Structures are given as structure tokens and as C-alpha cells.
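One structure below.
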Amino acid sequence: DAGVIQSPRHEVTEMGQEVTLRCKPISGHDYLFWYRQTMMRGLELLIYFNNNVPIDDSGMPEDRFSAKMPNASFSTLKIQPSEPRDSAVYFCASSPPQTGGANVLTFGAGSRLTVL
Amino acid sequence: SQQGEEDPQALSIQEGENATMNCSYKTSINNLQWYRQNSGRGLVHLILIRSNEREKHSGRLRVTLDTSKKSSSLLITASRAADTASYFCATDGTGRRALTFGSGTRLQVQP
């Protein structure tokens with residue numbers, strides 16, 4: 001398996017522009033997570049899905065952020081309009097159906113977003 | 001706020017020495033995990049310890065868990081330059097699939 005695939009790896013955009021980050025989870029994994037990493041706040045959970053259904057979006061900063069998972073092999077995180085404070089590395093991770101109570105995440109390489 | 005806080009924030013050692021990192025957390029957990037992140041990369045799972053376990057080994061890694069103190073430690077023995085990375089603890093909780101990550105320890109192993 002190619003692992004969790006994220007695109008783009010790097011994006012530089014101007015304030016006010018729409019940003020769309022994409023993620024392809026590992027086949028067979030039924031959970032998908034979006035995290036954001038910054039120096040100041042560390043790794044923050046934004047939202048996670050189970051079987052394509054959003055389970056917890058309490059970490060989504062505000063209405064400018066939205067996430068979708070139209071099918072088991074694809075998810076998007078959209079920021080509209082983007083602001084400089086959204087600059088961060090955004091990670092997608094997936095995990096398989098829970099076995100023995102353990103939930104091990106496999107992370108993608110991340111999408112580094114810079115908003116000027 | 002971060003569920004887990006790690007110390008030290010940064011650690012610099014020589015190759016061959018042992019590295020110990022500590023993690024504290026706030027709420028009840030089912031499991032505690034440790035992940036590694038190389039610069040510019042995603043996190044990689046290293047080891048998992050369940051709440052009813054006290055110690056676990058995997059190769060050069062040794063993890064301990066003290067649920068009464070809500071703390072865990074990760075020991076890397078005989079460190080190598082390739083161990084240079086950031087290390088994060090992560091916890092889950094009852095009814096919650098998502099992991100909450102600590103603030104991380106940056107480890108530098110000098111060759």
C-alpha cells in the first residue's frame with residue numbers, strides 16, 4: 001500500500017484565497033483524521049470521520065473551515081477565505097477498524113500551507 | 001489545550017547514550033502511544049502501551065506507564081544519529097477514537 005497520500009505537499013497562497021487540501025487514506029481504513037500542526041499550538045485535531053461520516057468537528061476553528069469525505073478513498077479540507085494565521089502543516093491520518101481497543105494512526109506526509 | 005505535556009522539550013545527547021523522554025496527561029486513558037516525526041515528515045507510530053500494562057519493550061525502545069501519576073516515559077537505548085527526530089506521546093479515551101498529542105520532545109543525537 002502507498003500509505004496515506006496528501007496533496008499538495010506545499011501551497012503558498014494569498015490572504016482571501018480558497019485553499020483545498022486533499023487526502024487519500026489507506027484502503028480498508030474506516031477512520032480518517034485531519035490534524036493541524038503549528039509551533040505555537042502543536043498538533044490539533046480538526047475533525048475526524050468514520051465510514052465517511054463526520055464524528056467530531058469540534059476542533060474546526062471556524063466557519064471558514066470545512067471538510068468532506070464523499071467516499072471511502074477521498075477527503076478534502078477546505079479553507080475559504082484563507083488568512084495568514086491558517087499557515088500550518090495539515091496532516092491527514094487514517095486507522096483501520098478497531099482491534100483490541102487499540103487505535104494506531106498512519107499519517108500522511110502533510111501539506112504545508114503558507115498564507116501571505 | 002494539550003492532553004499530554006512532554007519534557008524535556010529538547011534533548012541533545014551523543015551517539016551510544018540513552019535518551020529518556022517523559023509525558024504527562026490529564027484524563028483517563030485506554031492506551032498511550034509514542035510517535036516519531038522526522039523533520040518535514042508525518043508522524044510514525046513507534047509503540048503502544050495499554051492502560052493495564054506497566055512496561056513494554058520493542059527493540060531499543062522501552063516504554064513505562066504509571067496511571068496513578070498519569071505519566072509515561074520513553075527510553076531509547078544506545079541511540080544513533082538516525083534517532084534524531086521529535087517524539088510525541090498520544091492518548092485516547094473512553095469512547096473517543098481520535099488521539100490527543102503531547103507537545104513533543106526534540107531529540108538530537110550527535111554522531
Side-chain angles (χ1 to χ4, degrees), chain A residues 2-7 9-10 21 23-26 29-51 53-60 67 88-112, chain B residues 1-10 21 23-53 56 58 61 63 65 67 85-106:
Chain A
V4 176
I5 299 172
Q6 292 187 246
S7 65
R9 286 296 315 277
H10 303 273
L21 307 178
C23 175
K24 176 179 169 55
I26 291 174
H29 283 194
D30 61 347
Y31 279 84
L32 183 140
F33 306 83
W34 283 100
Y35 284 87
R36 178 172 69 176
Q37 185 177 38
T38 61
M39 288 295 292
M40 291 298 295
R41 300 177 66 88
L43 272 157
E44 302 173 281
L45 175 71
L46 299 176
I47 186 172
Y48 75 96
F49 296 83
N50 176 224
N51 291 322
V53 176
I55 301 300
D56 183 355
D57 66 354
S58 60
M60 295 287 263
V89 181
Y90 291 81
F91 286 103
C92 176
S94 67
S95 65
Q98 197 165 16
T99 55
N103 180 33
V104 175
L105 272 57
T106 301
F107 280 79
S111 294
R112 179 175 295 276
Chain B
S1 64
Q2 293 287 328
Q3 159 75 317
E5 296 298 328
E6 283 148 88
D7 78 273
Q9 288 188 326
M21 290 159 268
C23 165
S24 61
Y25 57 92
K26 297 175 183 174
T27 61
S28 297
I29 63 171
N30 292 325
N31 307 286
L32 186 143
Q33 303 178 44
W34 286 88
Y35 287 75
R36 183 180 77 189
Q37 184 180 31
N38 288 84
S39 181
R41 304 287 186 92
L43 284 76
V44 175
H45 176 257
L46 292 176
I47 191 167
L48 177 148
I49 186 166
R50 301 183 190 279
S51 59
N52 62 354
E53 296 177 313
K56 198 160 184 182
S58 177
L61 304 180
V63 171
L65 179 63
T67 53
S86 291
Y87 292 81
F88 296 86
C89 66
T91 56
D92 60 7
T94 302
R96 181 174 168 82
R97 260 326 267 277
L99 300 182
T100 302
F101 286 85
S103 51
T105 294
R106 292 189 310 279

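So you know, we letter chains A, B, ... as the sequences are listed, proteins then strands, and number each from 1. Since we're looking at a predicted model, the values are computed, not measured.
Distance OG/B:S103 to CE/A:M39: 11.0 Å, rounded to 0.5 Å.
Legend: residues meeting ring pair (Phe, Tyr, Trp, His ring centres under 6.0 Å) with A:Y48, ordered by chain and number and at least two apart, are A:F33.
Proximity to chain A involves both the backbone and the side chain of B:L99, based on heavy atoms less than 4.5 angstrom apart. Of the atoms belonging to A:D56, it is side-chain heavy atoms, and not backbone ones, that fall under 4.5 Å from chain B.
With B:Y35 contributing its side chain and A:L105 its backbone, the two residues share a donor-acceptor pair below 3.5 Å. A donor-acceptor pair is defined here as one N or O able to donate and one able to accept, closer than 3.5 Å; no such pair exists between the side chain of A:Q37 and the backbone of B:G42.
Summarising the geometry of A:N103 relative to B:A98, their closest heavy-atom pair is ND2-N, 4.5 Å, with the distance given to 0.1 Å. Of all heavy-atom pairs between B:L43 and A:F107, the closest is O-CB, 3.4 Å. When all heavy atoms are compared, the tightest approach of B:R97 to A:S95 is NH2-OG, 3.4 Å.
Counting non-hydrogen atoms of other residues, nucleotides and ligands closer than 6.0 Å to CD of B:E53 gives a total above 12.
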